[in-house]
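Remember, predicted model here, so these are calculated numbers, not experimental data. Chain identifiers are assigned alphabetically (A, B, ...) following the order of the sequence lines, protein sequences preceding nucleic acid strands; residue numbering begins at 1 within each chain.
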Amino acid sequence: MSEPERPAAPNASDAAGRPKIGVDEWVASAEERHERSRGLGGLVSRGWEGSPAEAKLIVFVALASTLPFWMNEGELFSYGLYTLLYALLALGLNIVVGFAGLLDLGYVAFYGFGAYGYALFSSNHYGLHWQAEASIPLIVLGTAAVGLILGLASRRLLGDYLAIVTLFFAQAFVAFVNNSNPKVAGEGLTGGPNGIPGVDPLNFFGFKLHSTKQYYFFLLIVFSLAAVGLYFLNNSRTGRAWRALREDPLAAEAMSIPVNRLKILAFMFGAGTAGLTGTIFAAIQTGVVAGNFDVALLITIYAIVILGGLGSIAGVLFGAIVINVSTQFLAPSNDHPELKRWLFYGAILLIAAKIRPWSRTAAVFVGTAAFGFVVHAIASGISSDWTNGTVVDAGSAASAIRNWVIVPSGHTGFQTWAYIVLVAAIVVTSQLKGWWRMAALIPTLYWVAVVWENVLVQQSAVTALILFGVLLIALMQARPQGLLGTARVEIV
Amino acid sequence: MHLPLLNIIDTVRQLGWGGAFELLRNGIVLGSVYALIALGYTMVYGILKLLNFAHGDIYMVGAFLGYGVLSILGGPLAPTIAMVPLILLMFLGGMLGSGVLGVVVERFAYRPLRNAPRIAPLISALGVSFFLANSALLLTHGERFNYAMYQLGGDPNTGLPGPLNQPAFSVAGRPVTVVQVLVVSTSIALMIALTLLVSRTRLGKAMRATSYDREAASMMGIDTDRVIASTFFIGSVLAGAAGVMFGLYIGETYYLMGFLAGLKAFTAAVVGGIGSIPGAMVGGLLIGVTEAYAAGYVGGQWSDVAVFGILILFMLLRPSGLFGAKTIQKV
Amino acid sequence: MTALLELEGVSKSFGGLRVIDGLDLAVNEREIVSVIGPNGAGKTTLFNLITGLYHPDAGQIRLEGRNLVGLAPHRITKLGIARTFQTLRLFLNMTVKENVMAAQYGRTKAGPFRSIVRTPGMRREEREIHQRAEEKLAFFGKRLMGYRWDQPAYSLSYANRRRLEIARAMAAEPRILLLDEPAAGMNPVETHEITELIAKLRDDGGYTILVIEHDMHVVEGISDRVTALDHGVKIAEGSFEQVATDPKVIEAYLGIGAAEEEADADAAPA
């Protein structure tokens, strides 16, 4: 290298916007800066970072244990049990993606292996009714072995190729269990599209879990143990090696870390965790079908891990709560359909409230309200069929919505165009700057409400999936470290 | 004892040469579609080293746009304009719409992440793919829309097939229909156009420069952002054409069609050597033909597994693909 | 006495380009050998070959008589060769101390299951890892101590990153340290410090050191022997004075004919 390099070369030019990384004085004052973040947010974040991991776990377990006492059976099932199930599943993905930095898109296939495995060993399908203490360890080891094989097959692969091989693997798994139902021991192995019904409840040494409450506490224990185990693993030689290979595989290899072996190990740990979660899932559902292990689940789990923050165990739990609660709110089976509207508008308001200063936030909200009434008046002036459609699941807010949002009846194609216009409006608004953006925001916000009332509310389950997709895109730009992860710096 | 291998041999014998040709024909037609999609993957990968998961869904949107144009112009039974301009307009609608969508996706989901960690644009791409597929689900309610190309231009009273479905010529007594000829020849024409574009034009030169070294290219006065946007546009245009072609050939569009087709097309790009344009074409044909033979001789449910097997095989034995160059790792 | 590290007839080409051509090199125990040469002479490739990142097309590389060719890089590191990178490849988002601790991987044993249940043996080992990491960091005086342990590596200044690279290589507990331009990008004071440090590494740390360096003051200050490369071929070897005055070396650096001109210039005043 002949060109002269200045000591502070990597950061000399970007003093303005970016952190002054690498400058000794700046580093030394890190603690002070931390103290400076005042207010409630600062207090919470300092309290969070200051408290030891044990305390966090105890607080979580204590809070989680109260759930069965104030939720009814159905709520506990969808909000409590499923959050823990997702959290456990995401914990395994966090090993592969968060710790080791491998983009494993075949992760749900391992979950499927676990579920189908349990369904084969403990159901009427083959008349085997193995006890869980025998079948679960066997299945977890078996799933880890499948992970080993897939890992070996892709051991030479870098990030992107690994992603495509694993994604294809997941697809092949679903296609296999769904379409081909090879006869094994006189019985179709996977049950084809019907899946395997009649799976036994978990039965440990003759003690059968039968109520939602029991499953909930069982999952709480399993999750806590897994979280503690992974916390220890992350703070060990293996965890450090994983982080090192995520940072720079070549340097890790040169520092005596067997990169390939550790990648495969991460794969196996992820697969084993997914397999374990799968067995519990099969028992809770008392049956398995291939459709349970599709891409939608994959994205949901990714959304959990990424929202919480890659590599953060507490983040996984947090992400699982947010994602599962929103999924359940938006599920068609929700007993309180008006809740999904509050969740949706609440989320929109929360995002819009990010506008600063406050006066501007208020201006946008008032403007949006006024804009709505004007549009509504014009629309109903043109023809009453632009505003006399049925408002779905409105509950107490029905009349307010009917007088503000245009809900046409009998205009076919309106839904499609409304949605496309919304997407276009959001794209355009995001590209504008300054006052133009504020001005564009008002009709866009109103149009969000129009599309929600006309399109999204009727298919709120699909809406949830669309929002997860948007969440992934938005998070990558706004906060790639998620909510609880640590911001990462890459110097290229 | 049940020996699957014997079954396969039996099937091969039963189908005979005519059957073998029929499968080859189907494979080549399908393979041309894959090749067009694969080109988009390979171009974007070549220039950004990004696996654009959303590409398959852009192809899906293209197929829906073609359907949209068809239904606006009267639908397959009573088209308001003549056949040839109708098909041209369908292609135009599908290609332009997909192209614009591709540019928007790039601008919105990938450009802000140009200097982010490697995993960030991949996850963003996953999000875009999921967003597009589920938006289509939302708007179509999961229905399958039928181009009804069998009827396209046909006689509704007699139920005679339209001109697209008439045999153009036949080999070994097996017909090759007009639409099959149309699909293969259109995709060959598009590939030739692309090859000329990349090798002969200023834009092509800028694209090659950018794919070698983005930073150096931008220092040489190339507006790399524009070049990348153009790459997305061209790749998405090809995917849109592939979508309309698939609609015309198979006749059905579905919100999930992009996912599997995208996977297979990416496999085609990998098999051909990622970043290589002729590689994507050859890979596409290879995948299409493999799939057709696997489906014909072994069983439809095995075609995906066979393609997956090819992917694994290439990954293990020749990760750089048929036409890819071995790269030297810089330390 | 056989040399600790021996290269015999090592060759490597990329495409048609011969980057290393039939190179012989020997490094004895507790010796400091510098490799010099103009850009593109193949110095970094030499390091990549020794550490197993590249495989030689021909020739042998031996550590204490044991052939290293074909071994994976992490195996070679474990056998006793650790390196730094000219381009600085730290684990940027890990803390300073973790960077060093990570390099202890090959010297420790606790597997994942023992780590999950935290067996007493694993905890003892973990304490040792901490202790050794602190020792290595203490080698650099106050530079990498105190609050810096828990700072992410990206927050370090350039010179400190170079130091951390060396500390990390030391933590792999090698017999031979390969230092790739340890003084690049440093100011004169820091360069002087690095020169002293390399000597201290040998004297107090007991390492054998093979170093690539451009700064001739550093080379002069530390080297027991100097090897000059040009186009992958060894053109001179010996003490610093011998190599620095070798006409072939001057030619390699300054171009054909430069050696005679310099000789003329030297002769003229006399």
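- In this structure, chain A has a heavy atom under 4.5 Å from the side chain of C/Glu126, while its backbone stays farther away.
- The line from CZ of C/Arg118 to CG of A/Asn235 is 7.5 Å long, rounded to the nearest 0.5 Å.
- Looking at A/Leu265, the atoms closer than 4.5 Å to chain C (heavy atoms on both sides) all sit in the side chain, from C-beta outward.
- Taking chain C as the reference chain and counting heavy-atom pairs below 4.5 Å, the highest number among A/Pro258, A/Ser236, A/Ala241, A/Gly239 is found for A/Pro258.
- Heavy-atom distances place no part of A/Asn234 under 4.5 Å from chain C, backbone and side chain included.
- If you measure heavy-atom distances from C/Thr108 to chain A, the contacts under 4.5 Å come from both the backbone and the side chain.
- A distance of 13.0 Å separates CG of A/Leu233 from CZ of C/Arg114, quoted to the nearest 0.5 Å.
- Counting only heavy atoms from C-beta outward, the side chains of A/Asp248 and C/Phe85 never approach each other to under 4.5 Å.
- Heavy-atom pairs under 4.5 Å with chain C peak, among A/Leu230, A/Val228, A/Ile257, at A/Ile257.
- A/Tyr231 does not touch chain C: none of its heavy atoms, backbone or side chain, sits under 4.5 Å away.
- Heavy-atom contacts from other residues, nucleotides or ligands closer than 6.0 Å to CZ of A/Phe204 number more than 12.
- Note that the CZ atom of A/Arg240 and the CG atom of C/Asn99 stand 11.5 Å from one another [nearest 0.5 Å].
- With C/Asn93 as the fixed residue, the side chain to side chain donor-acceptor pair (under 3.5 Å) test singles out one of A/Arg246, A/Arg243, A/Glu247: A/Glu247.
- C/Arg168 touches chain A through backbone and side chain together, each having a heavy atom under 4.5 Å away.
- Taking chain A as the reference chain and counting heavy-atom pairs below 4.5 Å, the highest number among C/Lys78, C/Glu125, C/Met94 is found for C/Met94.
- A distance of 7.5 Å separates CG of C/Leu53 from CD of A/Glu253, quoted to the nearest 0.5 Å.
- Per-residue heavy-atom pair counts under 4.5 Å with chain C were compared for A/Ala254, A/Ala251, A/Ala244, A/Ala252, and the maximum is reached by A/Ala244.
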